[in-house]
Visitor: 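Before we start, here is the structure in question, set down as structure tokens.
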Amino acid sequence: MIAAYENSTIGCLCRVTRMIVIPVILGMLSLAVPRKALAIGPDPEPVFYETSVFVVVQGIGGAEISAVINNDSAYLSVTDLFNFLRIKNIATPHMDSVYGFFITEKAPFLIDKKNSVIRYVDKLTPLNKTDMVGTETSIYLSTGCLASVFGLTCQFSFRSLSVKLETRQELPAIREMRQEMMRRNISRLKGELKADTIIGPRRPMFSIGTADWSVVATQRPETKANDTWVNLALGGMVLGGETNVSLNYNNYAQSQLPFSHDTLSVVKPFDQRQQYYRWRYVNNDNHLLRQVIAGKIFVPSVASIFDPIVGVQFTNAPTSYRRSYGSYTLSNYTDPGWTVELYVNNALVDYTTADAAGFYTFQVPLVYGNSIVKLRFYGPWGEERSREENISIPFNFLPLHEFEYTASAGIVEDDHNSFFSRLQMNYGASRKFTLGGGVEYLSSITKGKLMPFVMASMRMTPNLLLSADYTYGVRGRGMLTYRMPSNLQLELYYTRYKKGQQAIIYNYVEERKFIISKPFITKGFSFYNRLTLNQIIMPDTRYTTAEWLISGAVARVGVNLSTYAIFLKPEPAFVYSNLALTFRLPGAIIATPQLQYQYNTNSVMAMRCELGKYLFRHGYVNVSYERNYKSDITNVGVGLRYDFAFSQIGFAAWKGTNMSTLVESARGSLIYDDKTRSVGFSNRTSVGTGGVVLVPFLDLNGNDRRDPGEPKAYGLKVNCNAGRILQNLHDTTIRIVNLEPYEYYFIELAKNSFENVAWQIKKSAISVAIDPNQMKLIGVPVSIMGEVSGKLLLDGQDSQNGMGRLAVSFYKNDTILVARTQTESDGYFDYMGLPPGAYTARIDTVQLQKQGMAADLVKLPFTIRFRVEGDVVEGLVFRVRKVVTE
């Protein structure tokens, strides 16, 4: 409420009044007729003026604190200041003293107004007239006294009536804020943020909400070969389940497809193996069966399967991302500069950009249950490689006593229409040990169609992990990884194959791999260093490879140095290195030179250089030159890409020694909101994701629902822990897109969003479940609140003075307590946040009795009327008097 008031127009005027007008008036009064001094003594007394100052503390913020001013000196209310700093303090009933402890219980203090002393720990400090000012309702200490006694250094500005407070001690308020921030961060990581509104999933019978499209056309004038690839993906809901369909068309005459076993095969323009369709019904609240999947399914298999599987899958594994402990290093190569997104169990975990050599690495968090890891690759010219890979993370942990299963069955789209099925079960035997097993079947195998298997994952020490599995008649394998406190990681892999097995098409006997890696991070550079030794033993030969990779940055220069060695007897070892750099030239030009060097012949194999520059924040242009000395080929290329709000357009051209190539690409997506009947466009992928639409409106009748005639409210500001926030200034709607389905996301609504301080949001924290391929409509009711103000006067013989720090309560219909505030030092009180209705303002009679006061009238009725701009009730006056006792 204070923040909303301070940011409003009225609040700004009040701050100007406090910062400029009040000091000028006080200065004029000091030169004119002085008021009666608050301190009493035989000598001529200085003149003090009651007001309030704005105290600012770094790390906490600021607050209005009651104070008295004498020329250029300020005296702060002890109780107000200590309450703001969260320092324990208790005032005696007649405000004779204030006692408590400062930060810790081992530092008690007593501020004695009657004897003008301060006892702090074991030290007694006498006070003079310039150190303390006492009134009937508060004790004020000078800024110098606060610094000398408690170490609270205060810098007072008379012009702005503000105090800057500094201290070397960790104040309780700072500690509480730090602890609260840590708790919020932990809650965010665990998904345990508290919300005052929870919106669950909805499952419509039929709807289509998202679509992705992309086109890539390639022309080669010399061969007159024109290739076009078109993709159209649709996402919706059918029978309450997520439904995704992706259609691919190409006019290649001949191609090498990942689903084809032949080296060169004639491919139909519309091949069924290139089409994708899947229906998935999810209910994470059902512990027995959480997911049912039909269509193209993804199954981690022991047997070599290179074609899609069409079938069904049942599992009680949740769709939510459940993190365990530790991490697993995943690294590979793609094209340089490509963006790589990492998904674990359909949840986006991390993303990175491949370096100058195309190398990328992730620290994949170990998760509970079977992990399906998916990598999406996005090229700079609109290229997209969206393939789902069943990369097996060898560690499969489950919480204690939790059982998880996945049953899959279907037809493999190969030449034999093979039948495939797999049942996998895992059980968390302890917090450090998970045991699993199951059986796999593939009909196309001549011998050993049925393949039972067992697996186990064990956390031997906090940094030592062991994983092993054995498939009867096929193979046995194990992995051991150890991470030292210095982040040096050692990995050992070993696989032994059964002689004569037919499930895996390779005729390997053994596989051995050793990896040692360590990141180096200092002030001037950071590097990821990895050495890999890989050996494959076959019946008649032994194939060994080694790779030493250094990837990182030195003084803002990206560096990738990879050295490869291939050992295949009786041939001599083949050793070469690839050096790639990325750095910025004047004019914000990005240069990426590369060089390949062969050690056997002491010669340069190839060199390449690319210059790129971003244009107008959304465009990118590049030129490249490549020379391959080994094949005597030269290529020169130029490219242009521009990111529109609705699409990404790209063009590239290469001129080679024997061939020229032109490539045009475009991709984008759209999202249809059936509730608001609006269509949104994006240059990113939308199918398989979800979002929300926030519609703020003025809740005129206070029923928390938008009724006909209730207008939209402009100016709402929101924050979400994921996704992209798109705000439409024309219709006030706010869309949050690219959210993972089935997850609960936390949305925070800023209470001080609106220029009108009367417009307030009662429920500012929303937890919403994201529906796949849908935009969920959420109405945000904005209540219109009223303001009430008045004054509490102390009747005297000659004048009427205000009385501070007395409680004023507000009751609706004279029965229900709805709010409470306190009077300021001059008796003024104000409260903002009352909805329209009849109210009663009451002063605290118990508090009056403790201070020897009484009032003839302890309650005043008032009414907050309905107005779009908010109603203001002013002029409530309570009069209290001292009780004379004989």
Side-chain angles (χ1 to χ4, degrees), residues 256-258 260-265 302-306 329-336 354-361 389 391-392 394 471 474-481 489-517 528-551 560-580 594-608 626-633:
Q256 169 80 34
L257 291 179
S260 176
H261 294 305
D262 302 330
T263 303
L264 199 62
S265 60
V302 175
S304 299
I305 298 178
F306 301 98
T329 303
L330 174 64
S331 58
N332 211 327
Y333 283 90
T334 182
D335 292 330
D355 66 11
F359 176 76
Y360 64 89
T361 181
E389 302 180 3
I391 302 173
S392 176
T471 303
V474 181
R475 72 181 180 193
R477 61 179 182 175
M479 175 187 175
L480 184 70
T481 176
Q489 180 168 306
L490 304 175
E491 300 175 57
L492 293 174
Y493 299 81
Y494 179 78
T495 304
R496 177 77 181 185
Y497 295 90
K498 176 72 173 180
K499 185 178 180 180
Q501 60 85 23
Q502 298 179 354
I504 300 175
I505 63 173
Y506 309 114
N507 62 337
Y508 296 164
V509 177
E510 291 181 38
E511 276 189 278
R512 304 165 183 168
K513 182 185 286 189
F514 170 75
I515 300 176
I516 178 172
S517 60
Y528 176 78
N529 191 21
R530 186 187 69 182
L531 177 64
T532 303
L533 299 175
N534 192 11
Q535 187 177 67
I536 299 174
I537 300 177
M538 292 176 283
D540 301 324
T541 186
R542 179 174 298 184
Y543 181 77
T544 305
T545 61
E547 177 190 2
W548 181 23
L549 177 141
I550 300 176
S551 178
N560 181 291
L561 177 60
S562 301
T563 302
Y564 306 89
I566 302 173
F567 305 92
L568 184 61
K569 293 182 178 181
E571 300 293 330
F574 179 71
V575 184
Y576 71 97
S577 292
N578 183 81
L579 174 64
Q594 295 187 47
L595 179 70
Q596 284 188 354
Y597 184 83
Q598 182 177 346
Y599 295 96
N600 300 69
T601 59
N602 293 323
S603 61
V604 176
M605 297 171 57
M607 60 181 297
R608 185 179 188 276
E626 181 178 357
R627 172 65 177 169
N628 191 314
Y629 295 97
K630 200 165 187 178
S631 57
D632 195 23
I633 294 177

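Reckoned from all heavy atoms, side chains included, excluding hydrogens, waters and symmetry mates. Predicted, not measured: the structure shown is a model, and the values here were computed from it.
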Visitor: For Phe306 and Tyr506, which heavy atoms make the closest approach, and how far apart are they?
Guide: CZ-OH, 4.1 Å
Visitor: Could you check if a side-chain atom of Tyr497 sits within less than 4.5 angstrom of a side-chain atom of Val509, using non-hydrogen atoms only?
Guide: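 Sidechains of Val509 and Tyr497: no contact.
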Visitor: Can you tell if the side chain of Arg627 reaches within under 4.5 Å of the side chain of Asp632, non-hydrogen atoms only?
Guide: yes
Visitor: Could you tell me whether Lys513 and Glu491 have a side-chain N and a carboxylate O separated by less than 4.0 Å?
Guide: no
Visitor: Nearest 0.5 angstrom please: Asn560 CG to Ser551 OG, how far?
Guide: 4.5 Å
Visitor: May I ask you to test the Phe567-Arg542 pair for a side-chain heavy-atom distance under 4.5 Å?
Guide: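 Side-chain contact under 4.5 Å: no.
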Visitor: Just verifying a value: how many Å separate Met607 CE and Gln596 CD, rounded to the nearest 0.5 Å?
Guide: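 With rounding to 0.5 Å, CE (Met607) is 11.5 Å from CD (Gln596).
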Visitor: If I compare all heavy atoms of Asn628 with all of Lys630, which pair ends up nearest, and what's the gap?
Guide: OD1-N, 3.0 Å
Visitor: Working to the nearest 0.5 Å, report the span between CZ of Arg512 and CD1 of Ile536.
Guide: 11.5 Å
Visitor: Less than 4.5 Å apart, any side-chain heavy atom of Tyr597 and any of Asn602?
Guide: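 Heavy-atom side-chain distance check passes, below 4.5 Å.
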Visitor: Considering only heavy atoms from C-beta outward, does the side chain of Val575 approach that of Thr563 to under 4.5 Å?
Guide: yes
Visitor: Step through the shown structure and confirm whether more than 12 heavy atoms of other residues, nucleotides or ligands are within 6.0 Å of CZ on Phe574.
Guide: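 Result for CZ/Phe574: enclosed.
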Visitor: Going from CG on Asn507 to CD on Gln501, what distance comes out if it is rounded to the nearest 0.5 angstrom?
Guide: 9.5 Å
Visitor: Rounded at 0.5 Å granularity, tell me how far CG in Leu595 sits from CG in Asn578.
Guide: 8.0 Å
Visitor: Whether the side chain of Gln598 engages the backbone of Asn600 through a donor-acceptor N/O pair (distance < 3.5 Å, no angle test) should be reported.
Guide: no
Visitor: A side-chain contact here means heavy atoms from C-beta on lying under 4.5 Å apart; do Thr471 and Lys498 qualify?
Guide: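 Not touching, per the 4.5 Å side-chain cut-off.
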Visitor: What closest approach, in Å, do Val474 and Val302 show between heavy atoms, and which atom pair accounts for it?
Guide: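 Nearest pair, atom of Val474 first, then Val302: CG1-CG1, 3.9 Å.
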Visitor: Of the non-hydrogen atoms in Ala546 and Leu533, which two are nearest, and what is the gap between them?
Guide: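 What the structure gives for the nearest pair is CB-CD2, 3.5 Å.
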Visitor: I need the Gln489 CD to Thr481 OG1 distance, nearest 0.5 Å.
Guide: 4.0 Å
Visitor: Measuring only between side-chain heavy atoms, which start at C-beta, is Tyr629 closer than 4.5 Å to Met605?
Guide: no
Visitor: Would you mind telling me which of Leu492, Leu531, Thr532, Asn529 makes a side chain to side chain contact (heavy atoms under 4.5 Å, CB included) with Ile516?
Guide: Leu531
Visitor: Give the intermediate values and the outcome of side-chain contact (heavy atoms from CB on, under 4.5 Å) for residues Gln535 and Phe514.
Guide: CA-CA 9 Å; Gln535 187 177 67; Phe514 170 75; over 6 Å; no
Visitor: Given side-chain contact (heavy atoms from CB on, under 4.5 Å), test Met538 with Tyr508 step by step and report yes or no.
Guide: CA-CA 5 Å; Met538 292 176 283; Tyr508 296 164; 3.8 Å; yes
Visitor: Compare all side-chain heavy atoms of Tyr493 with those of Asn534 and state whether any distance is below 4.5 angstrom.
Guide: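 Not in contact.
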Visitor: If we ignore angles and hydrogens, is there a donor and acceptor under 3.5 Å between the side chains of Ser577 and Tyr599?
Guide: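 Yes, side-chain donor-acceptor contact under 3.5 Å.
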